[in-house]
Amino acid sequence: MADYKITLLKGDGIGPEIVNQAVKVLDAACDKFGFTVEYDEALLGGCAIDAAGVPLPDETIAKCKASDSVILGAVGGPKWDTLPGNQRPEAGLLGIRGALGLFANLRPSVIFGSLKSASPIKDEIIGGNLDIMIVRELTGGIYFGERGRKEVNSIPAAWDTEMYSTEEVERIARVAFDLAMKRNKKLTSVDKANVLESSRLWRETVIKVSEEYPEVELNHMYVDNCAMQLVRNPRQFDVIVTSNIFGDILSDEASMIAGSIGMLASASLSGGKLGLYEPIHGSAPDIAGLGIANPLATILSVAMMLRYSLDRPQAADAIEAAVAKVLETHRTSDIYEEGLIKVSCEEMGDLVCKAL
Ligand code: IPM
Ligand code: MN
């Protein structure tokens, strides 16, 4: 029997191409560090709609629950864009997050030295290097609140609900404080407490949890200000903790500071060992099948999996170092720079394996 059982949810668009490269790198890490992994595949998103009629088949949930960890490519595409909201591929993604209780989404924004020129932000603003960890609440708030349509004075209208319980805020705050303790002991909680009642409860609760972490310097920021501060002075941030929707928006913004959305990994954690690891970018249907996708965000997600779920920090460090090394000379087209060698998705996977 293998040491770890991993479920692959390759998904749609470029999902299969990038997951295949990540698997290759994980296999290489197994050889180098002396452990074994066994894979199973399951359907999620558009491919599940086509094969099984629903974006999240029960079998997929069962397989994920029976594994040590899950690697996800990406879901969605124009083919399924006209389906009603609860039948879209994205509903499968939200469903698996809910079903596995993955309430904590870690989205590191790290800039690789050699990629600094790919960032639209000036060098002097980024400084030496950038390392921000966004902790996004992932199973609550407006994404999971009640919603509906109605008529107001005979005019069609629609509504969604943002709601958080103190329990939901406490557990995500603890994840963020724990991470801050392992990093620079600085936590920024982002909300809209000048307007939203749910944000006022969020802020009160984070302050209460902070009493358990006297060493961490906590500050609060409104989300609009945070969006501005991220491009004005990103170096002021260490760990950011925020709600589901604010985290969705701010993590895309933070990814651009790091050069390309094609580089950023994420971990979705449940409090137990089981985690789901995926790039933060989407399925990129426009380039699917062309073999030019950047697999590095998925490969870096495997590094996060080794660190947070499988307790193999050395293998995680080695993969990250291998990626940094390859980037000095080789690039996929999304991060290509003159003078370097342009490579395909598959070649990039091979190069990272070799550098390991
Ligand atoms: C993400 C994505 C998803 C989200 C979509 C595809 C539902 O944008 O993981 O950030 O909004 O959570
Ligand atoms: Mn998003």
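Atoms within each ligand, like the ligands themselves, are counted from 1 in listed order.
For the pair Tyr213/Arg174, a side-chain contact is recorded, criterion being any heavy-atom separation below 4.5 Å from C-beta on. Glu346 is listed as a side-chain neighbour of Lys24, based on a closest heavy-atom distance under 4.5 Å. The closest side-chain heavy-atom distance from Ile71 to Met305 is below 4.5 Å. Under the 4.5 Å side-chain criterion, counting only non-hydrogen atoms from C-beta, Lys342 is in contact with Ser333. Using a 4.5 Å heavy-atom threshold, the side chains of Gln21 and Cys345 count as touching.
Counting only residues at least two apart or on different chains, the salt bridge (charged side-chain N to carboxylate O under 4.0 Å, His left out) pairs with a member in residues 268-296 are Arg97-Glu278, Lys273-Asp311. Residue pairs meeting the salt bridge (charged side-chain N to carboxylate O under 4.0 Å, His left out) criterion with at least one partner in residues 221-237, sequence neighbours excluded, are Lys192-Asp224.
In this structure, ligand 1 sits under 4.0 Å from heavy atoms belonging to Glu90, Leu93, Arg97, Arg107, Arg136, Tyr143, Asp248.
For the Mn ion (ligand 2), protein N, O or S atoms closer than 2.8 Å were enumerated as Asp248 OD1, with waters left out.
Ser268 OG to Tyr308 OH: the interatomic distance, rounded to the nearest 0.5 Å, is 12.0 Å.
Judged by a 6.0 Å distance limit and a 45° cone about the ring axis, Arg136 is not positioned over the six-membered ring of Phe246.
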